[in-house]
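These values consider heavy atoms only, across backbone and side chains, with no hydrogens, waters or symmetry-generated copies.
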Amino acid sequence: MKLQGKAHVYGDHVDTDVIIPARYLNTSDPKELASHCMEDIDAGFVGRVQAGDIIAAGDNFGCGSSREHAPLAIKHAGVSCVVARSFARIFYRNAINIGLPIVVSDIPVAAGDELVVDLGAGIVENLTRQEKRSFAPFPDFLQGIVAAGGLMQAMKALEGGKA
Amino acid sequence: MGMTMTQKILAAHCGKQALQAGEMILADLDMVLANDITAPVAINEFEKAGCGRVFDGQKVALVLDHFTPNKDIKAAEQSRQVRRFAKEQGVAHFYDVGRVGIEHVLLPEQGLVTAGDLIIGADSHTCTYGALGAFSTGVGSTDMAAGMAYGKAWFRVPEAISVRLTGALQPWVSGKDVILHLIGLIGVDGALYQSLEFSGPGVASLSVDDRLCICNMAIEAGAKNGIFPVDEQTLAFLKDHGAQEPRVYAADADAQYARVIDINLSEVPLTVAFPHLPENARGFSDIPADLRIDQVVIGSCTNGRLCDLQQAAQVLRGRRVAEDTRVVIIPATQLIYEQAMNEGLFKVFLDAGCAISTPTCGPCLGGHMGILAEGERCVATTNRNFVGRMGHPKSEVYLASPAVAAASAVLGRLASPEELEGAKA
């Protein structure tokens with residue numbers, strides 16, 4: 001699968017409190033969550049983001065709270081993929097479990113650069129800067145989750161349907 | 001090759017004799033936990049997938065602690081959804097207002113976790129129970145949904161950092177200072193994907209409460225879990241709280257560690273984490289002289305235990321909170337609330353001019369019961385000081401122990417209890 005979009009760039013340690021502030025966690029509606037995505041770090045994000053856009057960040061993206069509302073807000077804001085130097089572990093598993101593509105890469109990106117992520121080939125490309133990097137694929141077990149369409153579907157296949 | 005304590009617990013829960021770091025496993029769960037914020041998303045997923053019944057109602061805990069007593073209509077709807085699900089599914093450990101406490105203080109108190117358990121919780125501070133020799137870690141809501149349905153979760157077997165403790169803490173210094181000090185040393189991603197395994201002769205000098213506080217904030221170093229060896233104190237705690245029979249695991253002598261960190265507890269200073277990351281740890285030799293504060297919060301899953309309230313009361317006894325500072329004290333559970341009241345701590349707090357709240361996570365995550373305005377500063381015994389964590393994005397949170405928070409409350413500025421004693425006329 002190829003994903004292409006403009007980059008929205010953030011630094012290190014982007015925490016889930018700024019991705020979706022707790023004051024909005026009184027709902028589990030993904031659309032409502034998406035309308036406040038990145039509000040405390042980038043108030044203009046929701047107005048600017050286009051379907052397919054890509055978030056690019058530094059180390060430890062998604063640190064802090066386990067709130068799955070964070071990857072949900074990002075996904076439902078229209079973001080197709082998050083590319084970061086590293087991810088906090090709960091955000092990493094949440095993204096896989098809900099089917100938000102994430103890529104570990106240190107490819108240089110500036111705001112507004114056009115990125116293409118080829119998940120199958122394991123290549124991320126910055127079209128604006130003409131740079132290309134390969135990235136390691138997920139372990140087989142996690143690829144199975146992604147291929148199944150998320151954790152619940154994968155567990156159904158592994159453990160058999162529940163009545 | 002030898003295994004770490006964490007690897008042994010994981011191996012025992014996926015039917016293997018041995019595991020190596022990096023392996024992917026599907027492991028059996030002893031307890032799955034969620035709260036009023038994360039459970040609704042999990043319930044949505046559970047029901048959408050047509051999961052039917054939870055795998056074992058005795059191994060599910062649903063704790064309405066974050067936005068309760070319901071802070072607004074939407075929060076009330078979320079609580080109602082969880083309440084309905086708990087009733088329909090026969091969830092044995094459902095806690096509602098009047099019985100509820102902050103989840104990570106409540107579960108050990110109620111004997112719902114024991115040594116050797118494998119626990120997941122849809123709350124990042126689920127890592128707290130490592131203090132009791134369990135493997136416990138925070139996950140998201142879909143993991144929680146799958147855990148409730150199948151009693152299993154996937155894990156990448158972590159490597160570990162060995163944190164060797166020697167010595168004993170100085171007066172006023174607590175587990176909170178140890179973990180802030182450690183996060184200051186290694187950074188907020190210093191233990192990313194790894195276990196923090198504590199060991200050494202210093203362990204015995206730490207109370208179970210100190211260990212719970214230390215493991216609670218393992219996540220703030222990015223760790224998958226924090227874990228302490230099981231000793232007589234652990235076993236006594238588990239027995240006192242009616243926990244199930246402990247299964248004691250110990251790291252092999254030849255276990256491999258990614259890194260070894262030595263901490264002499266007697267050298268750990270009173271420590272404060274400055275905005276906006278828990279790694280911004282500073283001792284009092286390195287703080288501005290007159291950092292005025294607007295609010296103090298003493299509570300949370302990190303420091304809302306009885307010992308924390310006792311420590312705060314020791315500082316506040318016979319003193320008054322500074323005129324321009326407000327203090328919110330939040331006993332973490334109903335039992336702690338009752339004990340604090342019976343011990344006369346409430347009288348101390350009321351005489352000092354503090355507000356006492358019913359148990360709730362409330363202000364720690366900027367929910368309610370003490371939200372900060374633009375530009376306001378708070379000294380809090382909580383666990384995170386991210387941008388906007390307790391309210392306005394331009395407010396500031398300073399993380400500290402109950403003793404430091406209480407001393408700061410009296411002087412109206414960031415201050416240590418020693419300084420307060422010195423300031424006594």
B:Phe155 six-ring centre to A:Arg93 NZ/CZ under 6.0 Å and within 45° of normal: yes
Pair B:Asn44, A:Ser28: side-chain N/O donor-acceptor within cut-off below 3.5 Å: yes
Pairwise side-chain contact, B:His276 with A:Asp15, heavy-atom cut-off 4.5 Å (strictly under): no
Interface residue of largest heavy-atom contact number with chain A, from B:Ser124, B:Ala146, B:Gly367, under 4.5 Å: B:Ser124
Region of A:Pro21 that comes under 4.5 Å of a non-hydrogen atom in chain B: neither
Portion of B:Ala223 that has a non-hydrogen atom of chain A nearer than 4.5 angstrom: backbone
Part of B:Glu45 lying under 4.5 Å from any heavy atom of chain A: both
Chain A contacts, top residue of B:His125, B:Gln81, B:Lys152 (heavy-atom pairs, under 4.5 Å): B:Lys152
For B:Ala122 against A:Ser66, the heavy-atom pair lying closest together: C-OG, 3.5 Å
Pairwise side-chain contact, A:Glu68 with B:Asp143, heavy-atom cut-off 4.5 Å (strictly under): no
Worked verdict on A:Asp140 versus B:Met24 for side-chain contact (heavy atoms from CB on, under 4.5 Å): CA-CA 9 Å; A:Asp140 289 346; B:Met24 302 294 306; over 6 Å; no
B:Leu192 vs A:Asn60 side-chain heavy atoms within contact, under 4.5 Å: yes
4.5 Å side-chain heavy-atom contact, B:His66 and A:Leu25: no
Main-chain N/O of A:Asp17 paired with B:Arg389 side-chain donor or acceptor, under 3.5 Å: no
Mutual orientation of the aromatic rings belonging to A:Phe141 and B:Trp154 [parallel < 30°, tilted 30-60°, perpendicular > 60°]: tilted
Contacting region of A:Tyr92 [heavy-atom separation from chain B under 4.5 Å]: side chain
Within-4.5 Å side-chain heavy-atom neighbours: B:Val188 and A:Cys63: no
Residue A:Leu72 versus chain B: region with a heavy atom under 4.5 Å: side chain
Contact check, side chains of B:Phe386 and A:Val18, non-hydrogen atoms, under 4.5 Å: no
Closest non-hydrogen atom pair, B:Thr38 against A:His69: CA-CE1, 4.4 Å
Donor + acceptor pair across side chains of B:Ser141, A:Arg67 (<3.5 Å): no
Heavy-atom closest pair, residues A:Asn26 and B:Ala75: CB-N, 3.9 Å
B:Tyr150 side, atom OH; A:Glu159 side, atom CD - distance, nearest 0.5 Å: 7.5 Å
A:Arg23 side chain to B:Leu365 backbone, donor-acceptor under 3.5 Å: no
Region of A:Thr16 that comes under 4.5 Å of a non-hydrogen atom in chain B: neither
Closest heavy-atom pair and its distance - A:His13, B:Leu277: CD2-CD1, 3.8 Å
B:Gly140 backbone acceptor or donor facing A:Asn94 side chain under 3.5 Å: yes
Atom group of B:Asp72 that falls short of 4.5 Å from chain A, counting heavy atoms: side chain
Which atom of B:Cys51 lies closest to which atom of A:Met152, heavy atoms considered: SG-CE, 3.5 Å
Side-chain touch A:Ile90/B:Ile219, heavy atoms, less than 4.5 angstrom: yes
